[in-house]
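Note sheet for the following structure.
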Amino acid sequence: MKILITAGPTREPLDPVRYLTNRSSGKMGYALAQAALEAGHQVTLISGPTALTAPEGVSLIRIETARQMFEAVRDHLASQDVAIFSAAVADYRPAAVAEQKIKKTGDTLTLTLTLEKTEDILGSARSLFGYTGFLVGFAAETQHLLAHAEEKRQRKGCDLLIANDVSQPGIGFDSGENEVTLCLPDAAPIPLPRQTKAALARELLAFISQQATLKTSL
Ligand code: CTP
């Protein structure tokens with residue numbers, strides 16, 4: 001199968017030397033790319049800035065901002081059998097990027113930033129790009145995990161939503177392990193045990209390729 005994976009954080013510039021970002025390491029997305037390659041799939045990895053080396057054999061597209069990730073997904077999505085959106089895309093970016101470094105002025109103690117919403121890339125897959133393949137989203141939540149995840153799955157038109165509770169110590173953002181629950185249409189949520197991101201990626205990939213095959217044979 002042809003599989004597209006988004007991974008890592010995005011960086012939203014504020015001026016030539018500063019940006020807004022988040023704590024995503026990209027480990028989950030890169031582990032998924034590795035597992036997909038090992039299973040013999042053709043992988044396109046669209047990645048924000050990370051300290052990781054991309055697995056040999058992936059077609060790697062490096063981006064920095066949410067807008068660049070949006071454009072890369074838009075340009076590569078149509079031909080994919082499966083699309084997995086594991087990137088931690090910034091939800092907001094500075095509304096204006098200063099051309100010069102922002103200086104401390106006078107004796108003001110605060111700086112107010114105006115932010116604007118970024119493109120919802122996963123949310124655009126069905127509605128804007130007309131994608132009909134198997135669509136997988138992630139949801140990082142700190143409360144009401146299953147209710148929020150199911151609402152997100154439906155709103156973004158996902159075949160599968162992988163939910164993780166980032167309020168728990170030792171899992172999720174920038175950690176080596178993860179513990180997730182799978183949300184599918186018309187089925188009870190499936191909790192998976194806590195495990196390394198590499199082991200989890202193999203289990204997720206096996207599940208996703210089985211579900212995607214099932215969907216295309218219907
Ligand atoms: N996502 C995306 N583009 C965005 C924001 C998120 O593609 N601008 C994707 C993520 O890769 C993930 C899913 O959407 O697969 C969930 O992201 P999240 O930020 O948790 O969902 P939101 O709908 O933005 O809801 P909220 O932040 O309010 O929880």
Side-chain angles (χ1 to χ4, degrees), residues 5-30 45-52 60-77 83-129 135-158 161-175 178 180:
I5 298 170
T6 71
T10 64
R11 268 183 195 169
E12 309 302 328
L14 180 58
D15 70 13
V17 298
R18 303 186 178 95
Y19 51 78
L20 302 181
T21 190
N22 59 61
R23 290 158 58 98
S24 168
S25 63
K27 283 178 192 160
M28 194 66 240
Y30 278 58
L45 178 63
I46 300 177
S47 175
T50 73
L52 304 172
L60 177 67
I61 300 168
R62 288 186 191 281
I63 55 83
E64 289 222 340
T65 65
R67 181 173 287 138
Q68 289 165 352
M69 183 174 275
F70 174 85
E71 288 168 357
V73 168
R74 180 197 61 201
D75 294 348
H76 292 85
L77 190 60
I84 306 175
F85 289 75
S86 65
V89 184
D91 285 330
Y92 292 91
R93 67 177 150 242
V97 181
E99 270 182 41
Q100 306 300 332
K101 184 183 169 200
I102 299 170
K103 305 294 285 178
K104 292 189 289 294
T105 48
D107 48 11
T108 47
L109 294 177
T110 60
L111 170 70
T112 304
L113 296 177
T114 303
L115 304 180
E116 64 181 19
K117 267 200 176 140
T118 57
E119 297 78 8
D120 182 351
I121 308 167
L122 174 61
S124 304
R126 299 275 192 234
S127 59
L128 203 58
F129 306 148
L135 186 63
V136 182
F138 273 77
E141 305 290 348
T142 54
Q143 58 176 352
H144 310 303
L145 179 71
L146 293 181
H148 283 162
E150 180 51 24
E151 184 277 326
K152 209 168 276 183
R153 190 194 65 71
Q154 288 184 27
R155 176 163 47 88
K156 301 199 183 197
C158 298
L161 194 120
I162 301 167
N164 69 327
D165 181 351
V166 287
S167 69
Q168 286 190 51
I171 61 166
F173 277 109
D174 204 16
S175 133
N178 209 351
V180 302

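Considering NZ of Lys156 and OG of Ser127, their distance stands at 10.5 Å, rounded to 0.5 Å. In this structure, NZ in Lys104 is found 12.0 Å from CG in Leu109, a value given to the nearest 0.5 Å. To the nearest 0.5 angstrom, Met28 atom CE is 9.5 Å from Ile5 atom CD1. Of the inter-residue distances, the one linking Ile61 atom CD1 with Asp75 atom CG reads 8.0 Å to the nearest 0.5 angstrom.
In this structure, Glu71 has no side chain to side chain donor-acceptor pair (under 3.5 Å) partners at least two apart in sequence or on a different chain. Not a single side chain to side chain donor-acceptor pair (under 3.5 Å) links Arg23 to another residue, sequence neighbours left out. When the side chain to side chain contact (heavy atoms under 4.5 Å, CB included) test is applied to Gln68, the partners found at least two apart in sequence or on another chain are Ile63, Glu64, Thr65. The side chain to side chain contact (heavy atoms under 4.5 Å, CB included) test applied to Ser167 returns Thr142, Asp165, not counting sequence neighbours. Not counting sequence neighbours, the partners of Glu141 by the side chain to side chain contact (heavy atoms under 4.5 Å, CB included) test are Ala139, Leu145, His148, Lys152. In this view, Arg126 and Asp159 satisfy the side chain to side chain donor-acceptor pair (under 3.5 Å) rule, not counting sequence neighbours. Annotation: ring-ring contact (aromatic ring centres under 6.0 Å, His included) contacts of Phe70 (sequence neighbours excluded): Phe129. Under the side chain to side chain donor-acceptor pair (under 3.5 Å) criterion, Thr50 pairs with Tyr30, not counting sequence neighbours.
Cys158 places a side-chain heavy atom less than 4.5 Å from the side chain of Leu122. The side-chain heavy atoms of Leu161 and Val136, taken from C-beta on, include no pair separated by under 4.5 Å.
Sequence neighbours left out, the pairs with a member in residues 13-22 that pass salt bridge (Lys or Arg N to Asp or Glu O under 4.0 Å) are Asp15-Arg18.
No more than 12 heavy-atom neighbours from other residues, nucleotides or ligands sit within 6.0 angstrom of CZ on Arg62.
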Contacts under 3.5 angstrom, residues 83-103 side chains, donor-acceptor by atom type, not counting sequence neighbours:
{"residue": "Ser86", "atom": "OG", "partner": "Thr6", "partner atom": "O", "Å": "2.5"}
{"residue": "Arg93", "atom": "NE", "partner": "Glu116", "partner atom": "OE2", "Å": "2.9"}
{"residue": "Arg93", "atom": "NH1", "partner": "Glu119", "partner atom": "OE1", "Å": "3.2"}
{"residue": "Arg93", "atom": "NH2", "partner": "Glu119", "partner atom": "OE2", "Å": "3.3"}

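A donor-acceptor pair is defined here as one N or O able to donate and one able to accept, closer than 3.5 Å; no such pair exists between the side chain of Arg11 and the backbone of Thr21.
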